[in-house]
Every structure is written in C-alpha cells, then in structure tokens.
There are 2 protein chains.
Amino acid sequence: MPAKKPSQNQHDQDTEHRFLRSDARRNLDSLLNAAMAVFETSGVDAPMKEIAGKAGVGVATVYRHFPQRSDLIVAVLAQQIDACADAAKVFAADYAPNEALSRWMQRYIDLVAKKRGFAGALHSGDPAYAGLAPYFFKRMEPALAGLLADASSAKVIRAGVTAGDLLTAVVRLCHGPQGEEPAYARSMTRLLLEGMACGTKE
Amino acid sequence: MPAKKPSQNQHDQDTEHRFLRSDARRNLDSLLNAAMAVFETSGVDAPMKEIAGKAGVGVATVYRHFPQRSDLIVAVLAQQIDACADAAKVFAADYAPNEALSRWMQRYIDLVAKKRGFAGALHSGDPAYAGLAPYFFKRMEPALAGLLADASSAKVIRAGVTAGDLLTAVVRLCHGPQGEEPAYARSMTRLLLEGMACGTKE
DNA sequence: GACAAAACGGAATGACATTCCGTATAAACG
DNA sequence: CGTTTATACGGAATGTCATTCCGTTTTGTC
C-alpha cells in the first residue's frame with residue numbers, strides 16, 4: 001500500500017490539506033498564487049490555460065483540485081478573506097486600539113474595493129457562490145468585533161456601533177461604479193470612523 | 001437603385017429605426033421580443049442560438065442587427081427602461097397624483113428588482129455597458145420628477161425629496177442577495193414613500 | 001419582369017471549459 | 001536501492017458556444 005492512513009481534514013474551505021502527495025500540495029499552492037495574480041490582472045474570466053500556465057501545471061491538474069471553475073474562484077476568495085480576517089489579530093497586537101482599527105479598515109477596504117469581477121460573480125445568483133457571503137461574515141465579523149471592543153474599552157470610539165453594521169456599510173460604500181477609485185471608499189470610510197470617534201480629535 | 005434615401009435616425013438607442021427593409025424591421029422586433037423572453041427565463045447568458053431560434057431567424061441575422069452580444073442586451077434593457085419611463089405619463093394622466101406616484105414606483109421596482117443577471121452585466125466593468133447607467137438616469141429622472149412635482153403641488157408629499165435621490169435609494173434597496181423576493185424591496189419602498197407623505201394618513 | 005442592394009440562414013472558424021487517457025512519480029515495502 | 005501501486009500529471013480530445021463567411025433569397029425600384 002502506497003500511503004499511510006489519512007488523519008483528518010480540518011475545516012471547510014478548499015484551501016485545506018486533506019491528504020496530498022507532496023507534489024500535489026506544491027502544485028495546489030502554486031495554483032492558488034497563480035490564480036490570484038491572474039484574476040487581479042485579467043479578471044475572473046481569464047482562461048484556465050493562462051492560470052495553469054502561470055502555475056506551471058497542465059489544465060487537468062487545475063481540474064483535479066478544483067472540479068469547477070467556480071471552485072477555484074471560491075478558493076481564492078476564501079483565501080483572501082482569511083488573510084484579511086487574520087490580519088486583525090496582528091494589528092491588535094502591534095498597534096494601539098484606534099490605530100489597529102484604522103489599519104484594519106484600510107485592509108478591509110482594499111479587499112472589498114478591489115473587486116475585479118468578483119462582485120459580479122458573488123451577485124450572479126449562481127448557487128456555486130451561495131456559501132461565500134455567509135463565510136465572509138463568519139470570518140470578518142469576529143475580526144472586526146475584537147478591534148471594536150478594544151477601541152471601545154480604550155474609550156477612543158463610542159459604543160453602540162456593531163461590527164456587522166460597519167462591515168455592511170463599508171461594502172455598500174464600495175459598491176459604486178466599476179472603475180471607481182478606492183480613494184472614494186477610503187474617504188467615505190474615514191468619515192464613518194471619525195463619526196464614531198469620542199470627540200477626542202485634535 | 002433599390003431603396004429611396006434614408007431620412008434620419010431619431011435618437012440614440014439601438015431599438016431605433018434607421019432605414020430598414022420591411023423584413024428586417026419585422027425580424028428586429030421579433031428578435032427583441034424573443035431576447036427579452038429568453039433573458040427572463042434562461043438568464044442573459046443564454047446561447048444566441050436559443051434566442052435566434054425563438055425569434056425564427058438565423059444567428060447571422062442577430063449579429064447583423066447587434067454586432068456584439070452585449071449590444072442585444074443593451075437594446076433589451078434600453079427598451080425596458082424606455083417602457084418604464086414612458087409609463088409615468090400614462091399613470092399621471094389616469095390617476096390622482098399620489099396614486100400615480102405609487103403605481104409608477106411599483107413599476108420601477110419590478111424593473112430594478114427583476115435583475116436576472118442584468119445587474120451583473122451592468123457592474124461588470126465591461127465598457128460595452130458603460131453608457132447604460134447614464135441612459136437609465138436620463139430617462140428615469142424626468143419621469144419621476146414629473147410625478148413628484150404633481151404630488152408635491154397636490155400637497156400629498158412633502159417637498160425636498162429629489163427624484164435622483166429616490167431613484168438611487170430604491171436601486172440600493174433592491175440590491176440585496178440575488179434570490180431576494182421583490183416583496184422586500186416593495187415593503188422598504190413603501191416605507192420610504194410613507195415617510196415622504198404629508199401626515200395625511202388615515 | 002429585371003436588377004442590385006439589403007437581408008437571410010446555416011455552415012465554417014476559433015476560443016474556451018471540461019474530460020480522457022497513457023505516462024510519470026511519490027511513498028511504502030522488501 | 002529496486003519494486004510496486006495508488007496518486008498525480010500533462011497534453012490531446014471533445015463539446016459548446018460566440019462570431020464570421022458566403023452563397024442564396026427577398027425587397028423595392030424602374
């Protein structure tokens with residue numbers, strides 16, 4: 001028998017490590033990186049061949065890991081969601097509460113505003129993407145809630161603003177016409193945050 | 001010489017009559033109807049062949065009238081925008097100001113909420129759809145402005161709400177998750193309108 | 001009725017997504 | 001180290017469209 005017994009798989013997203021041969025793991029990582037890069041430059045409708053090429057694998061390899069095109073898109077998105085949510089812990093550890101909050105919001109805006117076609121996929125009604133919005137909130141809400149709690153107990157922001165409300169508001173603010181600069185979202189969000197401040201401005 | 005001289009073309013959208021042979025005109029109408037029906041049932045990604053088939057023409061005929069797939073989508077959308085905008089005059093003539101306003105808003109919501117993939121196309125960033133949003137406003141804004149003015153001078157709504165604001169607000173309200181029932185948008189919009197009323201409720 | 005411009009329909013063409021299949025390779029075993 | 005075999009691989013089919021081409025059919029004029 002070639003392989004020992006599988007242990008377990010951890011949670012829910014496709015980026016997870018079930019039990020992969022070492023080369024398969026390497027290709028999977030390469031694939032996710034390539035896909036992220038290509039989606040950013042050519043949009044989510046880029047040909048599979050381009051992604052496979054950039055990852056240095058054949059197309060069949062892409063399909064073995066991601067049976068449908070949408071699975072790859074979901075995986076990339078989930079990875080970015082995870083990265084953004086996880087950044088909250090880092091900022092919280094490295095900066096004062098208000099600074100941490102502010103920096104994380106930048107990060108969040110960059111993710112939400114840089115929607116090269118992702119938004120279209122999300123709102124397309126395709127059931128393949130149905131789980132993403134819930135996942136988005138499941139990850140983001142606790143991340144922001146922690147930062148808000150810190151800022152709130154440090155008395156730099158007023159209480160009473162929920163994480164969910166803020167997340168949603170920013171998403172909507174970023175939902176303007178396609179080519180819109182993230183600068184708009186940033187400035188609108190700055191207003192939001194200043195509005196939440198405790199009047200301790202300069 | 002086969003045809004007499006062209007007269008002129010009227011305005012901007014593709015649904016316009018430049019100078020067409022009778023059969024071409026017939027096919028164009030048939031095509032627009034077929035496309036509207038197919039888009040509604042199968043979504044905007046339906047194969048051209050399906051549309052051409054339902055219209056009883058060959059695919060080449062579709063492409064002669066609409067060089068790109070997006071041109072057909074734009075034409076159908078423009079037609080629906082026109083129909084909705086034009087309905088304002090009819091309602092204004094047939095009903096009391098508040099009733100006319102209310103009925104037109106229903107019509108408008110039905111158009112905006114019934115976004116079988118159209119929203120995705122609009123927000124896709126594809127330059128082919130760049131002109132649609134401006135066109136949408138150019139047609140809708142005057143239509144609603146007239147109704148609002150009537151209702152305002154009849155003292156059934158308070159002044160100070162602009163047509164543009166209202167149009168945008170409703171679009172945003174309808175912008176929820178894909179499968180969302182129009183009932184949600186309707187009830188939210190009812191709230192908006194009641195909020196605008198002059199306190200003359202029962 | 002004859003003619004030429006305008007339209008037509010269906011058969012190419014070309015780009016993809018997705019699937020198939022013979023080959024190569026990592027891991028367990030001797 | 002060699003053998004073995006399940007896994008994984010890559011590139012060549014296959015199938016589905018959008019879009020284009022071209023020989024044939026209409027339409028409007030004379």
Side-chain angles (χ1 to χ4, degrees), chain A residues 1-7 9 14 17-32 34-35 38-39 42-76 117 121 124 126 128-129, chain B residues 1-7 9 14 17-32 34-35 38-39 42-76 117 121 124 126 128-129:
Chain A
M1 326 100 205
K4 57 177 130 144
K5 264 204 293 131
S7 48
N9 62 359
D14 245 317
H17 329 301
R18 275 161 275 167
F19 194 78
L20 294 174
R21 233 168 61 174
S22 61
D23 54 348
R25 174 82 47 90
R26 203 159 351 101
N27 282 338
L28 177 57
D29 291 348
S30 174
L31 217 42
L32 283 171
V38 169
F39 288 162
S42 310
V44 288
D45 291 333
M48 274 306 202
K49 205 172 176 182
E50 186 181 344
I51 298 166
K54 174 158 280 186
V57 304
V59 281
T61 299
V62 183
Y63 280 91
R64 197 163 322 98
H65 289 296
F66 305 100
Q68 313 232 1
R69 170 189 200 70
S70 58
D71 295 329
L72 176 56
I73 296 174
V74 166
V76 168
S124 69
D126 187 325
Y129 303 103
Chain B
M1 327 102 205
K4 56 177 128 139
K5 266 202 292 129
S7 47
N9 63 0
D14 245 316
H17 328 302
R18 274 161 277 168
F19 193 78
L20 293 174
R21 235 166 62 174
S22 60
D23 54 347
R25 175 81 46 90
R26 202 161 349 101
N27 281 338
L28 177 56
D29 290 348
S30 174
L31 257 173
L32 284 171
V38 170
F39 288 162
S42 311
V44 288
D45 292 333
M48 275 303 203
K49 205 172 178 183
E50 186 182 344
I51 298 166
K54 174 157 280 186
V57 305
V59 281
T61 299
V62 183
Y63 280 91
R64 197 162 320 96
H65 289 296
F66 305 100
Q68 313 232 3
R69 170 189 199 71
S70 60
D71 295 329
L72 176 57
I73 296 174
V74 166
V76 168
S124 69
D126 187 325
Y129 303 102

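Predicted model only: the values in this text are computed from it and were never measured. Note on naming: letters A, B, ... go to the chains in the order of the sequence lines (proteins, then strands), and numbering restarts at 1 for each one.
As rounded to whole Å, 15 Å separates atom P of C/dA24 from atom CG of A/D23. Computed from coordinates, the B/L72 CG to D/dT19 C1' distance equals 14 Å when rounded to whole Å. One atom, CG of A/L28, and another, P of D/dA8, lie 11 Å apart when rounded to the nearest Å. When the P atom of C/dT19 is taken as reference, atom CZ of A/F66 falls 15 Å away, rounded to whole Å. Taking atom CE on A/M48 and atom P on C/dA17, their separation rounds to 7 Å, with Å as the unit.
Applying the side chain to side chain contact (heavy atoms under 4.5 Å, CB included) criterion to B/F39, with sequence neighbours excluded, gives B/A35, B/V44, B/I51, B/L72, B/I73, B/V76, B/F118. Every residue two or more places apart in sequence or in another chain that forms a side chain to side chain contact (heavy atoms under 4.5 Å, CB included) with B/A60 is listed here: B/R64. Scanning for salt bridge (charged side-chain N to carboxylate O under 4.0 Å, His left out) contacts around A/R21 gives A/D23, with sequence neighbours left out. Residues passing the side-chain hydrogen bond (donor to acceptor under 3.5 Å, both in side chains) test with B/E50 are B/S42, sequence neighbours excluded.
Nucleotides of DNA chain D nearest to B/Q68 and B/R26 differ in position, and the one nearer the 5' end is that of B/Q68.
The side chain of A/R21 contributes no N or O atom lying less than 4.0 Å from OP1 or OP2 of D/dA6. Between B/H65 and the phosphate of C/dA7, there is no side-chain N or O to OP1/OP2 separation shorter than 4.0 Å.
For DNA chain C, the residues of residues 51-63 of chain B within the heavy-atom distance limit of 4.0 Å (strictly under) are B/G56, B/V57, B/G58, B/V59, B/A60, B/T61, sorted by number.
In this structure, B/R64 reaches the bases: a heavy-atom distance under 4.0 Å links it to at least one base atom across the strands shown.
Rounded to the nearest 0.5 angstrom, B/F66 CZ and B/T61 OG1 are separated by 11.5 Å.
Counting only heavy atoms from C-beta on, A/A24 has its side chain closest to D/dA8 among C/dA27, C/dT18, D/dA8.
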